Number of protein chains: 2
Amino acid sequence: MGRQTAPAESRQLSAGETAEDARTHILDAAEALFENEGYRAASVRAITAKAGVNLAAINYYFGNKEALLEAVCHRRLGPLNEARLRKLKEIRAEARRRGRKVELQPVLRAFMAPALMLKESGGSAAGFPALFGRALADPDDTVQRVIFKMMKPVHQLMLEMMGDALPGVSREEVFWRYQFVIGAMARATRVYKNPGFKGAGLEDPGPEGGVNTLIDRLVSFTLAGAQAAPGMNIKCKKNSAPESK
Amino acid sequence: MGRQTAPAESRQLSAGETAEDARTHILDAAEALFENEGYRAASVRAITAKAGVNLAAINYYFGNKEALLEAVCHRRLGPLNEARLRKLKEIRAEARRRGRKVELQPVLRAFMAPALMLKESGGSAAGFPALFGRALADPDDTVQRVIFKMMKPVHQLMLEMMGDALPGVSREEVFWRYQFVIGAMARATRVYKNPGFKGAGLEDPGPEGGVNTLIDRLVSFTLAGAQAAPGMNIKCKKNSAPESK
DNA sequence: GTCAGTTTTAAACGTTTGTATTAAACGGAG
DNA sequence: CTCCGTTTAATACAAACGTTTAAAACTGAC
C-alpha cells in the first residue's frame, strides 16, 4: 500500500505541496461535514466533493472512513488533550509541593478551557468543539469507540483529581459529578453559536459575549455543582412518573 | 429468520386487538432500536424484524420512517411533557398565591424527575430516557426537528420560571444555565446503566443506587450550579489554546 | 527520453437503504 | 356463501452507501 516517505523531501515543487494538500483538504472538509451533518450522514462523496478531490482519495490516504474520523479527531484532540494533561499534572504537582489538596476550580478550567478556546482560534479548528460535543452523544458505535480511546487518559486523571479535590465524596459520587460536567460542556459546545438552536423554540440568548464568557459561566456552574452538598433535597414530595392517561 | 410473532395473541383475543397490536409492536421495537443504535442506524428492516411484522408495515401504519420516530417520541414525550408542564404551573401558581418568588429546586425537579422516573417504570418506556438523551445531541436533522417541536413549550416555561427563580440574573445567563441543566441531564440518561460506558475507559461507578439517587444527584448539582454567583473566577491565569505543534 | 513510484481519475463493485407495488389472506356484514 | 374494507405478504425499485479496481496522469531521478 502506498505508504511513502515524509513530505520533507517533496518541498521542491512549484509552490506545490499538493501532495500533502490533498490530505489536509480532506481533513478540513471532513471536519466541517462531521460537525454539520454527523459522522454517519457525512458521506465520503460529500467529503471528497467539498475537498475537491477524487472519490477514492479517502480510501487511498486513510484506508477507510473510520480511519478518517480517527485522523480528524486525532489532529485536534491530540494537542488538546496534551494541553489538558499538562495543565492538570502541573496543578497536581503544585498542590503537592505546597502540601495542600487540589483545588477544584483550576481542574475544571483545565478540562474545559482548552477545548472551548479552539472556538475562537479562527482557523479551521474552530468547528471542532461542536464536532466533539456532537460526538459525545453520537449514536454510532464507531464514533464512541474513537472518542473514548482518545479521552481515556483525560477521564482517568480527571476522576482522580476531582476525587482529590472533593475529599469525603465517594468515588461513585465523583463519577457522576464528572459526568454532569461533561454533559454541560458538551451541550455548551453544541449550542454555542449554532444557528439551529436559535429559531428552534429557544429564546434568543442575546449577544452572548465571547468564548471567555461562556467558559466562565461553565466553570462557575460546574464548580458550584460539583461542590454541592449531596442530595439533601429528598425532602421534596414524591414525584410520580407521568401516568399514561 | 422464520416467524417470530409475539406470544399468544392473534385469534385468542377479541377482535380489534390484533390490529392495534401491530402498531404497538412496531413502536416498541423502534423505541428499543432507536435507543441502542440511533435513529439513522436503526433500519426499517431491523425494526420490522424485531417487531415480527412485515417490512412494509411501517409505511402502512405510519407513512414513513420519520413519522414513526415522531410517533415513538410522541407516545412518551406527550404525557411526560404534560406532567412537567402541570407540575411547573402548579409551582408557579402556589408561589403567586403566597406572594413569593418561585423556588428553583422544585422547578429543576419537575423538569428532570418525570423523565428519569420512566427508567424504573418497568415497562417498555424504561428505555426512552436514554433515547431522548441520545436524541438531544443526535446529528440527524430529522431527529432535531422532531425533538424541538415537542420540547418547545417546556423550554419556554422553564426559561420563564428559572428567570423568576433567579432574580437579577440576565436572560442570557439564565439561558445558558438552562442549557447546562439540559446537558447534565442528557448525559446522565445516556450513561446511567449503559454498559457501554463501563468498560470504555471510565472507572466503574459502583452499584450506583437507584434512579432516585441519580435524580437527587442531578438536582443538587444543577441547583447549586444554577444558583452560583456568575463568573467571579476570571482571576485565574489566562489559559491559552493548545498550540499546534 | 526512459523509467519507477506516486497520485489522480473514472467506472464499477456489491450492499443496504427507505419506499412503492401488487396480490393474497383475513374478518365481519349482508 | 359472497362481498368489501382492512391488514399482511412477497417482491421490486431506484437511490445512496463505502469500497475496490485498473488504467491514466503525473512526479523527480537517472
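Quick caveat, the model's predicted, so the values are computed rather than measured. Just so you know, these numbers use all the heavy atoms, side chains as well, and skip hydrogens, waters and symmetry mates. Each chain gets a letter, A, B and so on, in the order the sequences are listed, and its residues count up from 1.
A sub-4.0 Å separation between OP1 or OP2 of D:dA16 and a side-chain N or O of A:Ser43 is absent. In this model, the phosphate group of D:dT19 is approached by a side-chain N or O of A:Asn59 to a distance below 4.0 Å at OP1 or OP2.
Annotation: side chain of B:Trp176 is not in contact with side chain of A:Thr213 (no heavy-atom distance under 4.5 Å).
Straight-line distance from the CD1 atom of B:Ile26 to the P atom of D:dA9: 11 Å, rounded to whole Å. Between the CD1 atom of A:Ile58 and the P atom of D:dG18 there is a distance of 8 Å, rounded to whole Å. A:Glu66 places its CD atom 13 Å from the P atom of D:dG18, with the value rounded to the nearest Å. B:Lys65 has its NZ atom 4 Å from the P atom of C:dG18, to the nearest Å. Here D:dA10 presents its C1' atom at 17 Å from OH of B:Tyr60, a figure rounded to the nearest Å. As rounded to whole Å, 16 Å separates atom P of D:dT7 from atom NE2 of B:His25. Rounding to whole angstrom units, CZ of residue B:Arg45 and C1' of C:dA20 are separated by 12 Å. Between A:Ile47 atom CD1 and D:dC17 atom C1' there is a gap of 12 Å when expressed in whole angstrom units.
Within 4.0 Å of A:Leu55, counting heavy atoms only, lies at least one base atom of the nucleic acid. Residue contacts shown for A:Ala56 include a base, since a base heavy atom lies under 4.0 Å away.
Between A:Phe221 and A:Phe180, the distance from one ring center to the other does not fall under 6.0 angstrom.
B:Lys152 pairs with exactly one of B:His155, B:Gln156, B:Lys149 by the side chain to side chain contact (heavy atoms under 4.5 Å, CB included) rule, that one being B:Gln156.
Each of A:Ala46 and A:Asn54 has a nearest nucleotide on DNA chain D; the 5'-most of these lies closest to A:Ala46.
A cation-pi arrangement is not found for B:Arg134 relative to B:Phe34, the charged atom failing to lie both closer than 6.0 Å to the ring centre and inside a 45° cone about the ring normal.
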